Protein chains: 2
Amino acid sequence: MHDFSEPHTPTEAPATGLDPSAQPGAVERGAATRQALLDTAERLFAEHGYGATSLRRITAAADANLAAVHYHFGSKQDLFVALFRRRVEPVNRQRVERLERLIAASAPQAPPLEDVLDVLVRPMLALRDEPGGEHFVRLVGRLFAEPGDHLTALREEFDEVRSKFLPVLAAQLPHLDREQLALRMQFTIGSLANVLAQAHRSNGPTCFPPFTTTPERVADELVAYAAAGLRAPVRRTPPDAPAAPNDTEPLQ
Amino acid sequence: MHDFSEPHTPTEAPATGLDPSAQPGAVERGAATRQALLDTAERLFAEHGYGATSLRRITAAADANLAAVHYHFGSKQDLFVALFRRRVEPVNRQRVERLERLIAASAPQAPPLEDVLDVLVRPMLALRDEPGGEHFVRLVGRLFAEPGDHLTALREEFDEVRSKFLPVLAAQLPHLDREQLALRMQFTIGSLANVLAQAHRSNGPTCFPPFTTTPERVADELVAYAAAGLRAPVRRTPPDAPAAPNDTEPLQ
DNA sequence: GTCTATAACATGATAGAC
DNA sequence: GTCTATCATGTTATAGAC
């Protein structure tokens, strides 16, 4: 449906100083609507989901024209990718840089588990404090659950991060084989994704207490939780032998 | 948009023995297409998402007529709710029943943490072994990340489960206050949801090793991981004092 | 760069014959 | 209970005036 190979460029020469239609301030206006589209789409995608958010709603809320999306980004998908990259690239760059700093600081030993996890989760959770970031983190939380149609390109960015973190974590977790480590990292990523996805429910529609929690506090808790979980010894005996071995009736 | 209040009923008297149009075997045919619709929709919703799956694709794949969905279920949303309830109600019933058995067995003490977690996660993971269940678990994984439009009614079913499990877990975790416990339970639910959502990628498109893991094995690992995470002492000092306090540049 | 108008098509839902 | 035909509305995307 879409190949993501060549990024969209508005006109033939938008990077030059020539104003495209000889109107003064046209280029500033263009940059303004472009940013308004990114911000508004980010909010609406987070609130209603990608499929349920039409370009009409986005452009209306951003006080822009329907055609502006296609001019600036090329398509709905490219708009999504653009707003996603805008936030996630600085985060992933921070993660990798800080990880390398950790490795250098503790060489030749591997860095402590808690520190590695901290570097993995804190930059993402910190997004919640940036303007508009509270919407974006919900999108990230959905990224891992959504089926693989329109965001495979984005998942690859996370794959790069994971490939750098996995060996460092493995060095501190020698009691886990490859499969166990991968599984427990799925748990850890799921914990992060879920807390990101629920971040907006600050006053809890469910039985959760009202969250006055700061991102820093959440990061502290998540690091403690994940480190303990990763270190947990491999389980031997399934403790609750099911009294009734299979008490599910056939589907109606 | 939709109120979920009164469920759909195909005709005035479909529960009676009267065949609706005097055709022999009509009622059996009706039940067959109804089931085919449920199974097919479950698979397609899991593979492409709710919004991206049209009724036309469902009915075509199920060898049924487009109007059959509206006859049997009333609407697309009601079809979704029906296929969801079909699977999740037995699971949640099992969870609550087994929990009560645990409580009775260990009274007056609270049951062991690992046993409670086992009862919470294993019935859901076991769905993967039922025919068609491998599609359904992906839907569950998405339920927690998806925004709150068309599945609030379903989330309430999980709220009931959580309200029964929370106090039992709290009894074994006296070092956590309400907020910490709620947060760590979000981590735990996220771990479960993520592993459910990724359950179909058995041979891993990413750097994960090929999973030959059975649901029982996953449940063992998850219980060990979550129990250790929940028991982890509250963290005191953020260990990695960020060298550069905030090295994020403003958004482009 | 912006905007109007419209193409080209997909969607969920429904009425009514069989 | 199944089917065809259709309604009303929505969607992304594009062409062309300004």
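Fair warning: this is a prediction, and the values are worked out from it, not measured in the lab. All heavy atoms count here, side chains included; hydrogens, waters and symmetry mates do not. So you know, we letter chains A, B, ... as the sequences are listed, proteins then strands, and number each from 1.
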Measure from [atom1] on [X] to [atom2] on [N] and round the result to the nearest Å.
X       : N      : atom1 : atom2 : value
B/His72 : C/dT14 : NE2   : C1'   : 16 Å
B/Leu66 : D/dT6  : CG    : P     : 15 Å
B/Asp78 : C/dG12 : CG    : P     : 14 Å
B/Tyr50 : C/dT11 : OH    : C1'   : 12 Å
B/Phe73 : D/dG1  : CZ    : P     : 12 Å
B/Lys76 : C/dT14 : NZ    : P     : 15 Å
B/His70 : D/dG1  : NE2   : C1'   : 16 Å
A/Tyr71 : D/dG16 : OH    : C1'   : 15 Å

- request: Identify, between A/Gly74 and A/Arg57, the residue whose nearest nucleotide on DNA chain D lies closer to the 5' end.
  value: A/Arg57
Does the side chain of [X] get closer than 4.0 angstrom to OP1 or OP2 of [N] through an N or O atom?
X       : N      : result
B/Ser54 : C/dA10 : no
B/Asn65 : D/dG1  : no
A/Thr33 : C/dT2  : yes

A/Arg29 side chain, from C-beta outward: closest of D/dT2, C/dT2, D/dA13: C/dT2
- line: Side-chain contact check for B/Ala67: nearest option of C/dA13, C/dT2, D/dT4 is D/dT4
Close side-chain approach of [X] to [Y], heavy-atom, < 4.5 Å:
X        : Y       : answer
A/Leu139 : A/Leu83 : yes
A/Phe158 : A/Arg95 : yes
B/Met124 : B/Val88 : yes

B/Phe45 and B/Tyr50 aromatic ring geometry - parallel, tilted or perpendicular at 30°/60° bounds: tilted
- line: Sequence neighbours excluded, the answer for salt bridge (charged side-chain N to carboxylate O under 4.0 Å, His left out) partners of A/Glu160 is none
query: What residues, two or more places apart in sequence or in another chain, satisfy salt bridge (charged side-chain N to carboxylate O under 4.0 Å, His left out) together with A/Arg43?
result: A/Glu47
query: Pick from B/Val140, B/Val137, B/Leu125, B/Leu120: which one makes a side-chain contact (heavy atoms from CB on, under 4.5 Å) with B/Leu192?
result: B/Leu125
- prompt: If you look at every strand shown and take non-hydrogen atoms under 4.0 Å, does A/Thr59 touch a base, only sugar-phosphate, or nothing?
  reply: nothing
task: Using a 4.0 Å heavy-atom cut-off across all strands, classify B/Ala68 as base, sugar-phosphate, or nothing.
output: nothing
What's touching nucleotides 7-9 of chain D from the protein side, N or O pairs under 3.5 Å?
none

